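Take a look at the structure below.
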Amino acid sequence: MSLHPIIATPEQIPWIPGSQALGDLSLFQGEETVHFKVLSDRRSEGGGMAQIVRFSPPPGMLIKIVANARSDEHIYILAGGHGDKSGRQRLFPGDYLLHPAGLAHGAFLAIETTGYQVYSGEPDELVDFQVIPIGG
């Protein structure tokens, strides 16, 4: 196997609608609430993947996610941030999270949030994805 760098220019990579990976779960009243850009995917070679993901909750709503980490997941928040179910922001741009393989975890997103995600192997198993009223 020859080693070579993977170089990506995110501005030149189109956003992929979340519904391509999640189906109708990521739609709210026909509008996409998730988009992503795959920067690298080496899973077929036994590696992991890296992507930029953007969550866009509708006004007055929040995105609730529950997942199981199938591999180590590293998240670096670029813009926005995670909150609680009342919509209060708890994580901010520049914050970092690590969800070790096997960890059940979740997030509430009440504002548009963009993050950089790196999986050491397979991405999370999605257990629940809902768009619900803030505080609901």
Side-chain angles (χ1 to χ4, degrees):
M1 175 173 85
S2 65
L3 297 177
H4 58 87
I6 296 173
I7 300 171
T9 305
E11 292 79 21
Q12 296 175 358
I13 299 171
W15 287 104
I16 299 169
S19 59
Q20 284 189 14
L22 304 174
D24 290 345
L25 285 177
S26 68
L27 298 175
F28 181 77
Q29 297 179 350
E31 296 293 319
E32 294 285 350
T33 60
V34 181
H35 289 85
F36 59 95
K37 296 181 180 205
V38 176
L39 303 175
S40 65
D41 188 345
R42 296 185 56 246
R43 292 177 293 162
S44 65
E45 303 166 33
M49 65 179 294
Q51 64 184 7
I52 297 172
V53 63
R54 181 180 67 208
F55 298 95
S56 303
M61 307 295 278
L62 60 81
I63 296 171
K64 174 187 173 186
I65 302 168
V66 179
N68 288 317
R70 293 190 291 185
S71 67
D72 286 355
E73 176 190 21
H74 303 266
I75 302 170
Y76 183 77
I77 298 173
L78 300 169
H82 298 193
D84 59 22
K85 65 181 178 177
S86 72
R88 184 176 44 169
Q89 192 169 348
R90 298 207 175 239
L91 297 174
F92 298 86
D95 285 344
Y96 165 80
L97 298 99
L98 168 61
H99 298 137
L103 180 71
H105 60 281
F108 292 103
L109 302 139
I111 59 175
E112 185 166 279
T113 299
T114 304
Y116 172 63
Q117 291 178 315
V118 176
Y119 296 99
S120 62
E122 290 297 320
D124 288 351
E125 170 195 12
L126 187 63
V127 174
D128 190 20
F129 183 101
Q130 296 180 51
V131 178
I132 59 175
I134 291 176

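What you see is a predicted model; the values in this text were computed from it and never measured.
- Following chains of ILVMFWY side-chain contacts shorter than 4.5 Å, one cannot reach Leu97 starting from Ile63, and the two form parts of different hydrophobic clusters.
- Distance CG/Leu109 to CE/Met61: 13.5 Å, rounded to 0.5 Å.
- Among all heavy-atom pairs drawn from Pro100 and Ala69, the shortest one is O-CB, 3.3 Å.
- In terms of heavy atoms, Ser19 sits closest to Ser26 at N-OG, 3.0 Å.
- Taking Phe36 as the reference, Ile16, Ala21, Val38, Gln51, Val53 meet the side-chain contact (heavy atoms from CB on, under 4.5 Å) condition, with sequence neighbours excluded.
- Ile75 and Val34 end up in different hydrophobic clusters when Ile, Leu, Val, Met, Phe, Trp and Tyr side chains are linked at under 4.5 Å.
- Between the CG atom of Leu78 and the CD atom of Gln117 there is a distance of 10.5 Å, given to the nearest 0.5 Å.
- Remark: side-chain polar atoms of Asp41 are paired, donor with acceptor, to backbone N or O of Arg43 under 3.5 angstrom.
- No side-chain N or O of Asp124 forms a donor-acceptor pair with one of His99 less than 3.5 Å apart.
- Within the 4.5 Å cutoff, the side chain of His82 has no heavy atoms near those of the Arg90 side chain.
- By the rule that hydrophobic residues join a cluster once side-chain heavy atoms approach within less than 4.5 Å of another member, Leu25 and Phe28 end up as members of one cluster.
- Closest heavy-atom contact between Pro93 and Gly80: CD-O, 3.0 Å.
- Closest of all the heavy-atom pairs between Leu62 and Ala110 is CB-CA, 3.9 Å.
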**Request:** Start with the C-alpha gap between Ser71 and Glu122, add the side-chain angles, then the distance that decides, and say whether side-chain hydrogen bond (donor to acceptor under 3.5 Å, both in side chains) holds.
**Result:** CA-CA 6 Å; Ser71 67; Glu122 290 297 320; over 6 Å; no
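- If you take OG1 on Thr33 and CZ on Arg54, they are separated by 11.0 Å, rounding to the nearest 0.5 Å.
- Under a 3.5 Å cut-off, the side chain of Glu112 and the backbone N or O of Ala79 do not form any donor-acceptor pair.
- With sequence neighbours excluded, the residues that form a side-chain contact (heavy atoms from CB on, under 4.5 Å) with Ser86 are Asp84, Arg88.
- The same ILVMFWY cluster, assembled from side-chain heavy atoms under 4.5 Å apart, contains both Ile52 and Tyr76.
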Which side-chain N or O atoms in residues 129-136 pair as donor and acceptor under 3.5 Å with protein atoms at least two apart or in another chain?
from	atom 1	to	atom 2	distance (Å)
Gln130	NE2	Asp128	OD1	3.2
Gln130	NE2	Asp128	OD2	2.7

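- When all heavy atoms of Pro10 and Leu39 are compared, the closest pair comes out as CG-CD2, 4.0 Å.
- Here the NZ atom belonging to Lys37 is positioned 6.5 Å from the CD atom belonging to Glu11, to the nearest 0.5 angstrom.
- Taking hydrophobic clusters as Ile, Leu, Val, Met, Phe, Trp and Tyr residues chained together by side-chain heavy-atom distances below 4.5 Å, Leu91 does not share a cluster with Phe108.
- To the nearest 0.5 Å, atom OG1 of residue Thr114 and atom CZ of residue Phe55 are 9.5 Å apart.
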**Request:** Verify side-chain hydrogen bond (donor to acceptor under 3.5 Å, both in side chains) between Glu32 and Ser56, making sure each step is shown before the conclusion.
**Result:** CA-CA 8 Å; Glu32 294 285 350; Ser56 303; over 6 Å; no
